[in-house]
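For reference, the structure is listed below as C-alpha cells.
All ligand and atom numbering here is 1-based and tracks the order in the structure.
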Amino acid sequence: MNRFPKSFLFGTATSSFQVEGDNIYSDWWFWEQKGKIKDKSRSGKICDFWNKYEYYLDFAKDLGSNAFRFSLEWARINPQENTWNEQALNHYDKIIKAVKARDMKPIVTLWHFTLPQWLSEKNGWLNKDSLGYWQQYVEKINKYFGKEIEYWLTLNEPSIYCYKGFLEGTWPPGKTNIINAFRTLNKLIRAHRVAFSVLKQKDNLIGIALNLPSYEIKDPWCIFNILIAKILTHYSDWGFLKYIKESIDFVGINYYFHNRFLCNPIKPINFSGENTSDLGWGIYPRGIYEVTKKTYQICRKPIMITENGIADHKDQYRAQYIKDHIDWLLKATQEGTPVIGYLYWSLMDNFEWQEGKIPRFGLLEMNYQTLEAKPRESFEWYKRIIKSYRSIL
Ligand code: BGC
C-alpha cells in the first residue's frame with residue numbers, strides 16, 4: 001500500500017525562541033544586541049506566537065496535520081536562578097490544550113539551543129552545577145505537564161550547538177575552544193539521560209532531535225577522505241546517538257544535509273547539490289531514506305522525522321522537496337523501518353539564528369511588520385500530500 005498508517009503523525013515543527021517573541025531572559029536576546037546577527041535584525045516580536053498561538057494553530061489544523069512540535073523556553077519559565085514563572089507555565093498549558101483541541105499531538109522539546117541568561121553568565125552548560133539546574137527545570141516541567149504529554153524531545157541537535165557555540169563561534173557563548181566543545185557535548189549526553197529518567201513513564205515516549213546528515217565518500221581510495229568522514233561522523237549527532245541509544249524510546253531525525261566527503265584538504269566536505277536552497281544547502285531527498293535506515297540499524301527504535309525543510313523565499317522548490325522526501329520515507333517504511341511521523345520545518349517563517357529574518361523556511365509567509373501569515377502555494381501542496389499519503393483505514 002502506498003500510504004502511511006492512519007496513526008502516522010504528519011505535521012510541522014517550530015521552536016520557542018524562533019517564533020514566540022520577546023524572550024528577554026534568553027541568552028540569544030543578549031547575543032542579538034551585540035550585533036551578531038548577519039542581517040543585523042533582532043528577533044523582537046518575531047511571529048508573536050506567544051500571544052497569537054491560536055492563529056497559527058488554526059493554520060496547522062487546516063493543513064490536516066495531527067502533530068505539532070514546539071519547545072518550552074527555559075528562560076521564560078526560570079528567568080532568574082531559583083525563580084519560577086508560574087504565569088509562563090500556565091500559558092504553556094494553554095498552548096498545549098489549544099494544540100490538543102485541534103486534534104494534534106503536542107511534540108514538546110525541552111531545550112532548543114537557548115539558555116537562561118543568568119545561567120549563561122555563569123558559564124552555561126560548563127557550570128559545575130548546570131546539570132542540577134537542568135534537573136530542577138525538567139522536574140518542574142514534569143510536575144506541570146508530565147501527565148499531558150505523550151511525546152517528549154529532550155534536546156535539539158546537541159552537536160550543532162557545540163559546533164556553532166564553541167568551534168565556529170557564531171552562536172552563544174561564542175568563545176571558540178575545542179576542549180569546551182567536547183566538555184559541553186559530554187554534559188549534554190548526561191543532560192539527556194537526566195531528562196529521560198525524570199520524564200519516563202510507562203505511557204509516554206521520550207526522544208531527542210538529532211541532526212543526522214547522509215554521507216557519501218567520493219573517493220573511497222583516499223585515506224584522507226575516509227579519515228575525515230570517520231572523525232566528523234563520530235563527533236556529530238551520529239556519535240551522540242551511540243551514547244544515548246539505551247535511554248530513548250524513539251529517535252527524532254532532523255534531516256537537511258547530504259555531505260559529500262572529498263579528497264581535498266582545503267575543502268574536505270561539500271553540501272551543495274544540483275538544486276540548492278537559499279542558504280546554499282543541496283537538495284538530496286534520497287538521504288532521508290538512507291539516514292532513516294541507518295538510524296534504525298544502530299538503535300532499533302522507532303523514528304520520527306522531527307525536522308525537514310528548505311529556505312526557499314520564492315517557494316519554487318518546497319512542494320516538490322516535501323513530496324520527494326516523503327516518497328523516500330515511505331520506501332523506508334515499506335522496507336520495514338518503523339517511522340512514526342514527519343514534521344516539516346517550519347509552519348511559518350521565523351528567526352533563523354545568526355542568519356536572522358532573511359531565510360524563509362515557512363509554509364506560511366510572514367509579514368514581520370503586520371504579523372500576518374499567508375499560506376504559500378506549498379502550504380496547499382503539503383495539505384494535499386497529507387491527504388493522499390495517509391491511510392483512511
Ligand atoms: C534547527 C532549527 C533551524 C533549522 C534550519 C535545525 O537545525 O533545529 O532551529 O531553524 O535547522 O536551519
Side-chain angles (χ1 to χ4, degrees), residues 11-21 23 26-29 31-32 37-39 41 43 46-47 49 68-74 107-115 152-165 167-168 170-172 188 192 207-214 236-238 240-241 251-259 271-272 276-284 287-288 291 304-313 317-318 321-322 325 341-364 366 368:
T12 52
T14 59
S15 93
S16 46
F17 193 87
Q18 292 178 271
V19 300
E20 282 179 358
N23 266 314
S26 304
D27 57 351
W28 266 87
W29 189 263
W31 184 251
E32 288 167 19
I37 311 302
K38 271 196 196 153
D39 59 9
S41 63
S43 58
I46 198 71
C47 310
F49 181 81
F68 180 71
R69 177 181 171 204
F70 62 100
S71 68
L72 307 175
E73 189 71 12
W74 184 357
I107 320 274
V108 182
T109 317
L110 292 179
W111 179 78
H112 199 121
F113 297 148
T114 52
L115 286 177
W152 291 103
L153 295 166
T154 55
L155 308 173
N156 187 69
E157 302 187 350
S159 67
I160 298 289
Y161 173 78
C162 295
Y163 172 75
K164 295 277 194 183
L167 295 179
E168 199 180 74
T170 51
W171 288 11
L188 290 170
H192 167 78
I208 183 166
L210 299 176
N211 186 309
L212 301 179
S214 53
S236 70
D237 279 354
W238 280 113
F240 199 94
L241 175 61
V251 186
I253 299 180
N254 294 354
Y255 176 71
Y256 291 96
F257 297 110
H258 180 63
N259 294 348
F271 304 109
S272 52
T276 49
S277 77
D278 294 346
L279 287 168
W281 302 353
I283 301 174
Y284 186 71
I288 205 168
V291 161
M304 184 190 293
I305 303 300
T306 38
E307 285 182 38
N308 173 234
I310 180 168
D312 175 20
H313 75 288
Y317 300 126
R318 189 174 287 104
Y321 176 101
I322 297 176
H325 282 81
Y342 172 90
L343 309 176
Y344 177 78
W345 180 273
S346 177
L347 177 60
M348 64 281 217
D349 296 334
N350 57 48
F351 188 72
E352 180 55 23
W353 307 116
Q354 96 261 23
E355 304 287 336
K357 291 178 179 166
I358 291 180
R360 301 285 180 147
F361 279 88
L363 294 166
L364 300 174
M366 277 308 299
Y368 292 121

Can you tell me which residue and heavy atom of the protein come closest to [atom], and the distance to 0.1 Å?
| atom | result |
| --- | --- |
| atom 4 (C) of ligand 1 | Tyr256 OH, 3.4 Å |
| atom 7 (O) of ligand 1 | Glu157 OE1, 2.6 Å |
| atom 1 (C) of ligand 1 | Glu307 OE1, 3.3 Å |
| atom 3 (C) of ligand 1 | Glu352 OE1, 3.6 Å |

Report task. Taking atom types as modelled, find out whether Asn308 and Tyr321 have a side-chain donor-acceptor pair closer than 3.5 angstrom. Result ->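 Per modelled atom types, Asn308 and Tyr321 side chains form a pair under 3.5 Å.
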
When Asp312, Asp278, Asp349 are each screened for salt bridge (charged side-chain N to carboxylate O under 4.0 Å, His left out) with Arg360, the one that passes is Asp349

For [X] against [Y], the heavy-atom pair lying closest together:
| X | Y | answer |
| --- | --- | --- |
| Leu153 | Ala209 | CD2-N, 4.1 Å |
| Tyr368 | Ile46 | CE2-CD1, 3.5 Å |
| Trp31 | Trp171 | CZ2-C, 3.6 Å |

*Has Tyr256 got more than 12 heavy atoms of other residues, nucleotides or ligands less than 6.0 Å from its OH?*
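Atom OH in Tyr256 is packed in, count exceeds 12.
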
Would you say Asn350 has any N or O atom under 3.5 Å from an N or O of ligand 1, going by distance alone?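 Min N/O separation from ligand 1 is not below 3.5 Å for Asn350.
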
### Ser15, any N or O under 3.5 Å of ligand 1 N or O
no

The atoms of ligand 1 lying under 4.0 Å from a heavy atom of His112, numbered in the order shown, are 1 (C), 2 (C), 8 (O), 9 (O)

Check: Short list, please: which atoms of ligand 1 are under 4.0 Å from a heavy atom of Phe361?
Finding: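 Counting from 1, the qualifying ligand atoms are 5 (C), 12 (O).
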
| Which part of Trp281 is near ligand 1, with near meaning a heavy atom under 4.0 Å away: side chain, backbone, both or neither? |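 Trp281 to ligand 1: side-chain contact only, backbone stays beyond 4.0 Å.
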
Sub-6.0 Å ring centroid separation between Phe257 and Trp281:
yes

Asn156: heavy atom below 4.0 Å from ligand 1, yes or no?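 Yes, Asn156 has a heavy atom closer than 4.0 Å to ligand 1.
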
